[in-house]
Q: 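Pasting in a structure now, in structure tokens, and then I'll have a few things to ask.
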4 protein chains.
Amino acid sequence: MQADIKPRWERRKDARPQELLAAALDLFVERGYAATRLEDVARRAGVSKGTLYLYFENKEDLFKAVVRDSIVQPLGQAELDFADADGHSADLLRTLLMRWWDKVGATRAAGIVKLMMAESGNFPELTQFYNEEVIERGNALIAGVLTRGVARGEFRPVDPAVMMPVLSAPILMLMIWCHSSSPCLGARVDPRLFLATFLDNALRGLRPDGAPEGAPYAALPGPLPEK
Amino acid sequence: MQADIKPRWERRKDARPQELLAAALDLFVERGYAATRLEDVARRAGVSKGTLYLYFENKEDLFKAVVRDSIVQPLGQAELDFADADGHSADLLRTLLMRWWDKVGATRAAGIVKLMMAESGNFPELTQFYNEEVIERGNALIAGVLTRGVARGEFRPVDPAVMMPVLSAPILMLMIWCHSSSPCLGARVDPRLFLATFLDNALRGLRPDGAPEGAPYAALPGPLPEK
Amino acid sequence: MQADIKPRWERRKDARPQELLAAALDLFVERGYAATRLEDVARRAGVSKGTLYLYFENKEDLFKAVVRDSIVQPLGQAELDFADADGHSADLLRTLLMRWWDKVGATRAAGIVKLMMAESGNFPELTQFYNEEVIERGNALIAGVLTRGVARGEFRPVDPAVMMPVLSAPILMLMIWCHSSSPCLGARVDPRLFLATFLDNALRGLRPDGAPEGAPYAALPGPLPEK
Amino acid sequence: MQADIKPRWERRKDARPQELLAAALDLFVERGYAATRLEDVARRAGVSKGTLYLYFENKEDLFKAVVRDSIVQPLGQAELDFADADGHSADLLRTLLMRWWDKVGATRAAGIVKLMMAESGNFPELTQFYNEEVIERGNALIAGVLTRGVARGEFRPVDPAVMMPVLSAPILMLMIWCHSSSPCLGARVDPRLFLATFLDNALRGLRPDGAPEGAPYAALPGPLPEK
DNA sequence: GATGAATGAGGTTTCATTCAT
DNA sequence: AATGAATGAAACCTCATTCAT
């Protein structure tokens, strides 16, 4: 019970990696991977350049840690949610996506998606890591929900591998939009409205023939609002 | 007919800028702006580092020339097409977008969009140039078509400034998709099908109340194919 | 007494800027501004190229620091000496010039004068800095002594602005001579003799009509030695 | 008599070297040796870079040609004048110096002196050339006049090797002054007055004991004007 | 003779990484 | 554990010189 009572400097010490990860996430998202200088990361975290190397082997290792902390970890939570689920697959999909948005999409972590899109070609090792830890697990999760829904007769019989990108793409795009400043487009979408609209429409499309319309498929009444 | 018979090296000279622009476009799109080394551009064009500086003042100048050559020029053509148009605004919009896709979206130039999204924050001068020469002119063009359509009663009364990003965003996203290799998503969309579907749907939405359904608004018969 | 006992590398750190300034002064004077390579400066100071950039932003900054350290600082001291002076203006002028010679003219710093004369046209920013920090302050100092002497009736009524270059030019020339190796002229003047002769003659010329001849105006007895 | 009637382009051709030398002198004096780009020399002469290499082997060769054309040649003329002289040595010295000033000191060629002072250390081959062709011949000429004057009893018995730099230094300094823009000093001396004063004073000093005062030693009546 | 396109060594500057303290 | 001085590879850019036409 005394376990976490420590002198202040020691608590400080334990907090170091998190402070570094937060600083690194900020700068990576703001400037990109290559353009982020480790000295700036260290300074923003209030430590010296050398200290950073006490916690992370090198720049790549730091970046991987940022991805693990801000993306892979929530993804793991989503996988657990999926494993524990026992309700209707439409509700499950809705829940997973909304939680994902809250934990990742709405945070600075979303900027990682844009960053990887742009720079992955130059850093093969990072690309491999990202594909294995994020892309494939994320895709598998969505495909898993689809498979579950089809197997339980809650979704019409679609090919999960084909439908999966149709569901993931809008989420990715929304993440990019929300973290692009100038030259993407001034198109300031309202993320919650976009998500609601998109989910409503996608789930309507997944309703098996003969299943009753309305909840849990359709959440929005009447005609969708013209965005 | 002797007019264009020149000594070999002079013919080379005329071709050099285009060869360099092509090499630069390749590498900028492949690696990003900052990560592209001018020596590599030169080597890919088959010349030495110094030669590049005979034709372009510096890296920034080279990049601007690439953008002008591969994006601004087609945009200017689209502006002329718009000025010359005398048909129905729905057909005009369709024509402009499809030509844009052929001239830019389907070429490597589309990669520039992704690049600017990711790196614009680090290169203010490039951002300003890109905003003025590409973003603003492109936006003005789409808004112009909308204004024309509304004025001629061919589109329902929408606010062009509000509707404009709704039309441009899907095009931008498609360009990004088609030029992102690994970690965007394996989601390999069929660009022509995507464009047809998107245009069909967007124009249906712009049909004024009371105007006859079908052409020129709807081009695809019956229910849209499940993307 | 323990105050200045520091770890060895920290003592090094404090000494670094001075070591670098000394090396830079050597090389700037030896080769000129443009022809001095920073790598050589670093090597002469016993450090690597990158280390230099820990202490100075760039070449220009390094040069300015050299000028400040070796010229502006002694000039500031001379200004203080002038402000504190309470004796005869002839003695003041003699003292200021002899100290200037010891602190600057007889050191490698004198080479800076030659360097600026030759290269100032190519480096406008350096020229501005040098004019403001050296030329103008130096001229003002000499003019100030003249004004003081005239006001106190210790010099005949001369226009300080007109007489000032007459006094500064021989000093400048001597500095150039003493730091020009080959093709100025083999004319090896004896600096102390030159200074004594010049001062003696200049002060004789400044003696007001009616003032007693001899000290403090004339310091050298009888006919000047044939140089 | 038809000898110099040539087609225009051929006269042009013969003029090329002179045009290049003039352009090179301008730029060398303006920017220094190292900072002068051969492309700029060629452009100022109205030819292409390659053409320059038809007339001069390389930069060094061009510089030597400039020195020969603008300094060595007048020096050779002075040597002939000296050989032909039969008048009083005081008049001879006066004549030689004034002609030197008109042919060299008052022209842009005077800037070469400043340039060599500053950059000679970096270009040993140029230094050797300059020492042999200019410094030594010039010194020999002045020493020759002194020797002649002493031998003919027109100058008091001085050691020519000792007196020589006393005579050459003021001339050199005047050349430097007249071609230094900013950071030498604003001291704008009047060259003709400086020369007259200097010659008058120097020749007075060379008058043998017992020789009549006045011409040809003193040229200026009464007290020298306060410079 | 004349051209000017092409070259590539060499300079300044940046920054990930190391290591003595 | 923490520091921050030091390193050196690598990038951009310049310019004397060459050479095919």
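Residue numbering restarts at 1 for every chain, and letters A, B, ... go by the order of the sequence lines. Because the structure is a prediction, the values reported are computed rather than measured. Both backbone and side-chain heavy atoms feed into the values below; hydrogens, waters and symmetry mates do not.
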Q: Would you confirm whether B:Glu30, through its side chain, and A:Gly121, through its main-chain N or O, come within 3.5 Å as a donor-acceptor pair?
A: no
Q: Rounded to whole Å, please give me the gap between CD in D:Glu60 and C1' in F:dT17.
A: 14 Å
Q: Less than 4.0 angstrom between a side-chain N/O of D:Thr51 and OP1 or OP2 of E:dT3, yes or no?
A: yes
Q: Given atom OH of A:Tyr53 and atom C1' of F:dA5, what is their separation to the nearest angstrom?
A: 15 Å
Q: Take atom CG of B:Leu20 and atom C1' of E:dA5, then tell me their distance rounded to the nearest Å.
A: 12 Å
Q: At less than 4.0 Å, is any side-chain N or O atom of B:Ser48 found next to OP1 or OP2 of E:dT7? Yes or no.
A: yes
Q: Examine the base of E:dT17 for any acceptor or donor lying under 3.5 Å from a partner atom in the side chain of A:Lys49, and report the outcome as yes or no.
A: yes
Q: Please report, rounded to the nearest Å, how far the P atom of E:dA16 is from the CZ atom of A:Arg43.
A: 12 Å
Q: Is the side chain of A:Asn122 donor-acceptor paired with the backbone N or O of B:Arg31 at a distance under 3.5 Å, no angle test?
A: yes
Q: Sequence neighbours left out, what passes ring pair (Phe, Tyr, Trp, His ring centres under 6.0 Å) with D:Phe129? Give chain and number order.
A: none
Q: Without decimals, in angstroms, what is the distance between A:Leu52 CG and E:dC19 P?
A: 17 Å
Q: Okay, side chain of B:Lys59, backbone of B:Ala34: is any donor-acceptor separation there less than 3.5 Å?
A: yes
Q: Any salt bridge linking D:Lys64 with D:Glu125? Criterion: basic side-chain nitrogen under 4.0 Å from a carboxylate oxygen.
A: yes
Q: What is the distance, to the nearest angstrom, from the CG atom on B:Asp61 to the P atom on F:dC13?
A: 10 Å
Q: Rounded to whole Å, please give me the gap between CZ in C:Phe63 and C1' in E:dT12.
A: 17 Å
Q: Please list, in numerical order, the residues of residues 24-40 of chain C that have a heavy atom closer than 4.0 Å to any atom of DNA chain E.
A: C:Thr36, C:Arg37, C:Leu38
Q: Could you write out DNA chain E as a dot-bracket string, with dots for unpaired bases, | for bases paired across to another strand, and Watson-Crick or G-U pairs counted at under 3.5 Å?
A: .||||||||||||||||||||
Q: Of all the choices, E:dG1, E:dT18, F:dA1, which nucleotide is nearest to the side chain of D:Leu54 once you look at every atom?
A: E:dG1
Q: Between A:Asp40 and A:Arg43 (salt bridge meaning N to carboxylate O under 4.0 Å), is one present in this structure?
A: yes
